[in-house]
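First comes the structure, then the notes that go with it.
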Amino acid sequence: TRHVSTPINNNPFTRWLYTKATAHIVTTGESLREQLHRQNGYALSKMTSVRTGIDLTRFSAIDQQVSRRLLGIADRPTLGIVATLRDWKGHEDLLDSMVLLRNRSAALHDWQLVIVGDGPERNRLADKIAVRALGDVVRLVGNQENVPEWLSAFDIFVLPSYGNEGVPQGIMQAMACGLPVISTPVGAIAEAVEAGKSGLLVPTRNPEALADALESLMANPDSRRAMGDAGRAIASEKFGIDVMVDKMESVFRQYARAR
């Protein structure tokens, strides 16, 4: 199985692994399947796209004010990101966009950003928050087990990744909880986030474009609501773990017989 969009080298061992040692390849997005065909020459007939599933009984919206009270965060409009703190997840670009937003409409000043997750970039991000004087609007809360509660506390989910993605679990979980999503067309993200319907997609490494997208949704609760509803419907139809299991079982049955 192939879960990320990082290019695969074409050395002899890797080609043997993907073409000879493997009965079939499963990617977590159609764009990853096409990438392996385009860049590595693997036959499309030897690959199937199956999106990773999520537990829809766990990831569903909870009352927002109750969630904020239980989590101890301010009851104010909230941007949120749930992701490991690695550079390619785009946290630094998000902080840069927050600086830009701070200098725009005063109506946006009530918003806060909550960063859920931990990882090697934590200290550098904490330093940047301090240097950019964002401590009053940005919270780093570390790893959290109760992700549905945190998602339910948000108004907008943001993930400005610029590499190494399939369809991130955080995006699917946010959509299942009824959140509009702002992200980038990296990996297979555009196969989950339907631009203009369930969220907005912006170019990678572009804080200005990210700030524009954020501002457009921050200022428009009707759009947030409509995109969140659309995302929830898409998640209900396509993201369930039962959908993934059925497709994977079909692959296993077909290619186990073939071997």
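Heavy atoms only: backbone and side chains are in, while hydrogens, waters and symmetry mates are out.
Residue W16 is found in a hydrophobic cluster whose other members, listed by chain and number, are I8, F13, L17, Y18, I25, L36, Y42, L44, M47; membership requires side-chain heavy atoms under 4.5 Å apart, directly or through intermediates.
Side-chain contact between E121 and H91: absent, with no pair of heavy atoms (C-beta onward) separated by less than 4.5 Å. Between K197 and M227, every side-chain heavy-atom pair lies at or beyond the 4.5 Å cut-off. By the 4.5 Å heavy-atom criterion applied to side chains, V186 and W88 are not counted as neighbours.
Remark: side-chain polar atoms of R68 are paired, donor with acceptor, to backbone N or O of A153 under 3.5 angstrom. Of the possible donor and acceptor atoms, one in the side chain of S31 sits under 3.5 Å from a partner among the backbone N and O of G187. Between the side chain of H109 and the backbone N or O of R102, at least one donor-acceptor pair lies under 3.5 Å. At least one donor-acceptor pair closer than 3.5 Å links the side chain of R76 to the backbone N or O of D110. Without hydrogens or angle criteria, S152 side chain to P148 main chain gives a donor-acceptor distance under 3.5 Å. Using modelled atom types, no side-chain atom of S198 and backbone atom of G196 make a donor-acceptor pair closer than 3.5 Å. Checking side-chain atoms of S250 against main-chain N and O of D246 turns up no donor-acceptor pair under 3.5 Å.
A donor-acceptor contact closer than 3.5 angstrom is absent between the side chains of Q64 and D75. Counting only N and O atoms by type, the side chains of H3 and T1 include a donor and acceptor under 3.5 Å apart.
When all heavy atoms are compared, the tightest approach of I81 to F154 is N-CE1, 4.1 Å.
Screening R33, H24, K247 against T48 for a side chain to side chain donor-acceptor pair (under 3.5 Å) leaves a single residue, H24.
Residue pairs meeting the ring pair (Phe, Tyr, Trp, His ring centres under 6.0 Å) criterion with at least one partner in residues 45-72, sequence neighbours excluded, do not occur; the list is empty. Among pairs with a residue in residues 168-190, none fulfils salt bridge (Lys or Arg N to Asp or Glu O under 4.0 Å), at least two apart in sequence or across chains.
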Table please: side-chain donor-acceptor pairs of residues 159-171 below 3.5 Å, with sequence neighbours left out.
| residue | atom | partner | partner atom | Å |
| --- | --- | --- | --- | --- |
| S161 | OG | E165 | OE2 | 2.7 |
| Y162 | OH | D87 | O | 3.2 |
| N164 | OD1 | T6 | OG1 | 2.5 |
| E165 | OE1 | K89 | NZ | 3.4 |
| E165 | OE2 | K89 | NZ | 2.8 |

Hey, can you pull the donor-acceptor pairs under 3.5 Å for the side chains in residues 208-220, sequence neighbours left out?
| residue | atom | partner | partner atom | Å |
| --- | --- | --- | --- | --- |
| E208 | OE2 | R104 | NH2 | 2.8 |
| D212 | OD1 | R104 | NH1 | 3.0 |
| D212 | OD1 | R104 | NH2 | 3.1 |
| E215 | OE1 | R104 | NH1 | 2.7 |
| S216 | OG | A213 | O | 2.7 |
| N220 | OD1 | D222 | N | 3.2 |
| N220 | OD1 | S223 | N | 3.0 |
| N220 | OD1 | S223 | OG | 3.4 |
| N220 | ND2 | S223 | OG | 3.1 |

**Asked** Can V138 and Q112 be said to form a side chain to side chain contact (heavy atoms under 4.5 Å, CB included), step by step?
**Response** CA-CA 6 Å; V138 180; Q112 62 186 339; over 6 Å; no

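Comment: R205 engages D93 in a salt bridge, judged by a side-chain N to carboxylate O separation of less than 4.0 angstrom.
H37 pairs by the ring-ring contact (aromatic ring centres under 6.0 Å, His included) definition with nothing, not counting sequence neighbours.
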